[in-house]
Structure formats: C-alpha cells, structure tokens
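Just so it is clear, the model here is predicted, and its values are computed rather than measured. Here is how names work: the chains are called A, B, and so on, in the same order as the sequence lines, proteins then strands, and each is numbered from 1.
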Amino acid sequence: MKLATFNINGIRSRLPALLAWLEREAPDVVCLQELKAPDAGFPEAEINRAGYGAIWHGQTSWNGVAILAKDAQPVETRRGLPGDPDDTHSRYIEAAVEGLLIGCLYLPNGNPQPGPKFDYKLAWFERLIAYAKKLLDSGHPVVLAGDYNVVPTDFDIYNPRSWLKDALLQPESRECYARLLKQGWTDALRVRFPDEQVFTFWDYFRQHWQRNSGLRIDHLLLNGQVAAMMRDAGVDRWVRGEPHASDHAPTWVVLDLEARAVNVKKTAVKKTAVKKTAVKKTAVKKTAVKKTAVKKTAVKKTAVKKTAARRSAA
DNA sequence: ATGTCCACTGGAAGTGGA
C-alpha cells in the first residue's frame, strides 16, 4: 500500500495536477490539506471518476482536509481534533482504510510569531499530542499524516538563516514535534533517509524550487505496528516541477499490510534455520574433533615408529 | 523587508493567509 500526504494548496485550481499525479503514481490512500474550498466545492465527481472514494472537511478560502482511497470508501472515524469546541478551522479528518487508522492533519502555520496565531498553533499542537496518545493507546495500527508546519531540525531545511524568526522553526514548535515523536511515533521519511536532506516544500519566492531551497514539513508518523510494515518512503518531487504546481510535493510511504503475518512466519522459519545450523555446527565440530584425533593418532604413530626405528638403530 | 500564489470580494485591484 502506498499512502501519501499532499498539501494541494487549493483543490479547485490544482485539480488537473492532482488527477495527473493520481494517474501516474496510483497511491492507494491520499491525505490532502489546504483544500481552500467549502464542502460543496469539493470535486467529488472528478475524484470518483479517477477511481477514488473520498471524505472531506472543507472551509471557505482556508484550510480543508480530505482522505481519498483507491477503489474504496474511507470509513470516517472523526472530523475535527478534540479539545476545543470553539475551534472552527477544518484541520483534522480521520478514517479507517484497509484496517489502518489514518489521521489527516493540517497543523496551523503560526506566522507571524509571536502573536495569537502562534499561540493557536501551539495550543492546537498540544491538543494533537493529547489525542495522539489516545490513538497510540487504542491498539490500532495508526498513521498520522499531513502538513505539520514544523521543520523538525536544521537538517530539514536548506539553510535556516532567513527562517530563524519563522513559526516553522521556533524551538516551541520543534519541542512539540519532538514530544509527539517521543510518545512512540516513527518519522517515516527521516528513518528511511537518516543521512540525507529530504524536502517536501519549496515556497514560490526567490526561485526556491529551481535552487532546491526546500523544507521538510510534511510528515508521516507511524505507530509501532505500522512502522514494522514500512518498506519504502519518498517524495514525488516531479509534481513540484510541473506548471501551476502546489508549493508542496506528495510525500509517501509504502506499507506491507501482510508484514505482521509474514513476520511471524519468518520468525518460525528463522528458528528452524538456526536449529539446522546448530546441528550442522555440531556436526562440523565433531568432524573436526575426529580429524584432529586422526592427526594426533597419525603423529603418535609416526612418533612411535620413529622411536621404534631409534631403538633398533641403538 | 522582500519575494509569489490562492481565494474572496465585487465587478478592478486590494486583502489576508501562507
């Protein structure tokens, strides 16, 4: 299963780009952010025609999230992050697909900082951390995917210099992200590329795409069960290079949904193999001992012969 | 501070958000 997150930056104006990407990469599950469209403006028919079922939570002009599933209908399990009934932003939607629980989130940008928007970002983050803990405790295989609007470390940006005052790099933002991970989530892209810079966003300014001046802010967090299923991860960079592109590129993981069952089998096979090897080792050792014994006997025989020869010489 | 793009309002170009 290929599961992707993509900040589409306006689903109506990017619909051709979205459909082209779905056609070429055929992701099985897609988390979309920044629809920038009300519920009624979601292009349901076109997405269905492309072979995807969808659920969405829109909003006029800003925010908006959706989950698509190829040849399937996502089963909605939640819309809206718990913890603040007065929060009107459409930033969280969650569904079950193929036995996985998938949370699609669009974390507040938080600029300018400091200020009420940054406060809202941190408050939203705290709500996410609290809810993520509940998801972990649920025992389900869970993925939390989306635009986190956090550059986790200075390694996740081309050069932090001009972004030092930006909400995406603030120590408070990073501390929240680190605290979330510490609950037991795997940052899929960072685990897949431990020593490489990976970017998912290049803003429209100053030819940042052309210069590969990017940031890594779109993340797929996997709980333990799902992390064990991960086989690959990456970024569909070509999407960012297309005309009229979103400023983000689709970011994805490939999961082996059979991995758990297979792992159990593999472990059994390994145990048998280990036993066989052990038997072989013992056999090899025994043979070696015999050879040594034979050699020793030979040496002894030679020695005996020599002694016998000396004796007769004397 | 700047840079670019989207969507909305209102019926053009300005504004807010990112």
Does the distance from a Lys or Arg side-chain N to an Asp or Glu carboxylate O, for A/Lys70 and A/Asp28, drop under 4.0 Å? yes
Under the side chain to side chain contact (heavy atoms under 4.5 Å, CB included) criterion, do A/Leu105 and A/Arg91 qualify, and how do the steps go? CA-CA 6 Å; A/Leu105 63 103; A/Arg91 295 183 177 276; over 6 Å; no
Say whether [X] and [Y], considering side chains only, have a donor N or O and an acceptor N or O under 3.5 Å apart.
{"X": "A/Asn7", "Y": "A/Asp218", "result": "no"}
{"X": "A/Tyr120", "Y": "A/Asn109", "result": "no"}
{"X": "A/Tyr177", "Y": "A/Glu175", "result": "no"}
{"X": "A/His140", "Y": "A/Ser138", "result": "yes"}

Hey, can you tell me if A/Trp163 and A/Tyr158 have their rings parallel, tilted or perpendicular (30° and 60° cut-offs)? perpendicular
A/Phe6 vs A/Trp21 aromatic rings, parallel, tilted or perpendicular, using cut-offs 30° and 60°? perpendicular
Reading DNA chain B in the 5' to 3' direction, which nucleotide is the first one with an atom under 4.0 Å from a heavy atom of chain A, and which is the last? B/dT2 to B/dA18
Using a 4.0 Å heavy-atom cut-off across all strands, classify A/His248 as base, sugar-phosphate, or nothing. nothing
What's A/Tyr106 touching, base or sugar-phosphate or nothing? Going by heavy atoms closer than 4.0 Å. sugar-phosphate
For DNA chain B, list all stems, counting runs of three or more consecutive pairs where every pair is Watson-Crick or G-U wobble with both distances under 3.5 Å. B:4-9 with B:13-18
Most 5' of A/Leu35 and A/Pro108 on DNA chain B, judged by nearest nucleotide: A/Leu35
Residue pair A/Ser13/A/Lys117 against DNA chain B: nearer the 5' end by closest nucleotide is A/Ser13
Quantified in whole Å, what is the [atom1] atom distance between nucleotide [N] and nucleotide [M]?
{"N": "B/dA7", "M": "B/dA12", "atom1": "C1'", "value": "15 Å"}
{"N": "B/dC5", "M": "B/dA1", "atom1": "P", "value": "22 Å"}
{"N": "B/dG10", "M": "B/dG16", "atom1": "P", "value": "14 Å"}

